[in-house]
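Ligands are counted one by one from 1 in listed order, and the atoms in each one are counted from 1 as well. What you see below is based on every heavy atom in this structure, not just the backbone, and it leaves out hydrogens, waters and symmetry mates.
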Amino acid sequence: MQASFIGFDPGAPGGDRTVVKIGPHTLYCADAYWIRDSLGRFDAEFMDPPYRFDNSGGGAFRKARGASDQIVTEELDQGFEMSIINPLLAGSIVVFCHNDQLPELLGYLNPRYKRFCLLGWIKKNPSPMRNKHYLADVEPFVHAWNPGFHPVGEHHDMHRWVSSGTMPAKVFGHPTVKPLDVMDKIMRNLAGRTLIDPFMGTGSTGVAAIRQGKIFTGIEKNPRHFATAVERITSAWEQWQA
Ligand SMILES: C[S@@+](CC[C@H](N)C(=O)[O-])C[C@H]1O[C@@H](n2cnc3c(N)ncnc32)[C@H](O)[C@@H]1O
């Protein structure tokens, strides 16, 4: 295990903090709203924050999958503070969201970034349809950028936004882990070398970043998910070096 534990700051403003270094990558177990600004500027910000949506209903399917209840328990259906997105602190940004958040999110990003694109990735096993909404088999995300940080790489391989397989409802004990092939594709289109994910979860962004030779900083407030991220990112870093 090549992760080195750098520090633990109990009782820091906003709650206890732990910092772990894995090669050039840095992971913080902390509240992102308290520490994001202090970490400074990155080429890109890539976030999968808590969605805001009506998570009721689902009947028997809900019981069988179990992920919906964990989403409620961990408040992953309560949305996030968009003010954490600061164009002075990242040249471009990718944000995953629920359809219900799109009007507010696009309104927030539009005056702050020069251009943006609304994109979607295709889920092979979406949650069952409920609450008189569409089946959530296409999940939106937005890529917005300022001059000098426009999308790079191959733009024509859009099929890669289709997750290659079905994901179990819970992976790594987390209810909303993003598939790595989708993360890899998005990562390839991000300009620059440094990036930060303030809502890292189990570290999928970090794994994809390392596979592309980028330098990753992640923040996660839940110590259990943070431990999973440390494990996954350590293993990705070892494979990158091999
Ligand atoms: C949608 S999940 C991210 C899942 C991640 N993309 C993955 O593949 O594992 C959002 C994560 O943000 C974390 N989170 C929520 N509020 C936070 C905060 N204020 N600071 C840091 N992390 C936070 C949650 O604990 C959760 O793990």
For this session: May I ask you to establish whether Lys178 and Phe96 are in a cation-pi arrangement, using a distance under 6.0 Å from NZ or CZ to the six-membered ring centre and at most 45° from the ring axis?
Result: yes
Exercise. Which residue pairs pass the side-chain hydrogen bond (donor to acceptor under 3.5 Å, both in side chains) test with at least one member in residues 138-147, sequence neighbours excluded?
Worked result: Tyr51-Glu139, Lys123-Glu139
Distance-only donor-acceptor pairs under 3.5 Å for side chains of residues 198-211, two or more places apart:
from: Thr202; atom 1: OG1; to: Arg232; atom 2: NH1; distance (Å): 3.0
from: Ser204; atom 1: OG; to: Arg232; atom 2: NH1; distance (Å): 3.0
from: Thr205; atom 1: OG1; to: Asp197; atom 2: OD2; distance (Å): 2.4
from: Arg211; atom 1: NH1; to: Asp184; atom 2: OD1; distance (Å): 3.4
from: Arg211; atom 1: NH1; to: Asp184; atom 2: OD2; distance (Å): 2.4

For this session: Take Glu81 and Arg36 through the salt bridge (Lys or Arg N to Asp or Glu O under 4.0 Å) test and state the conclusion after the steps.
Result: CA-CA 12 Å; Glu81 271 300 323; Arg36 170 62 188 94; over 6 Å; no
For this session: Output all residues satisfying ring-ring contact (aromatic ring centres under 6.0 Å, His included) with Phe8, sequence neighbours left out; order by chain, then residue number.
Result: none
Distances for all N or O pairs of ligand 1 and the protein under 3.5 Å?
from: ligand 1; atom 1: 6 (N); to: Asp48; atom 2: OD2; distance (Å): 2.7
from: ligand 1; atom 1: 8 (O); to: Lys178; atom 2: N; distance (Å): 3.0
from: ligand 1; atom 1: 8 (O); to: Ser204; atom 2: OG; distance (Å): 2.6
from: ligand 1; atom 1: 9 (O); to: Thr202; atom 2: N; distance (Å): 2.9
from: ligand 1; atom 1: 9 (O); to: Thr202; atom 2: OG1; distance (Å): 2.6
from: ligand 1; atom 1: 19 (N); to: Asp31; atom 2: OD1; distance (Å): 3.0
from: ligand 1; atom 1: 20 (N); to: Ala32; atom 2: N; distance (Å): 2.8
from: ligand 1; atom 1: 22 (N); to: Lys221; atom 2: N; distance (Å): 3.2
from: ligand 1; atom 1: 25 (O); to: Glu220; atom 2: OE2; distance (Å): 2.6
from: ligand 1; atom 1: 27 (O); to: His174; atom 2: NE2; distance (Å): 2.9
from: ligand 1; atom 1: 27 (O); to: Glu220; atom 2: OE1; distance (Å): 2.9
from: ligand 1; atom 1: 27 (O); to: Glu220; atom 2: OE2; distance (Å): 3.3

Exercise. So, are Glu74 and Arg224 salt-bridged, with charged N and O less than 4.0 Å apart?
Worked result: yes
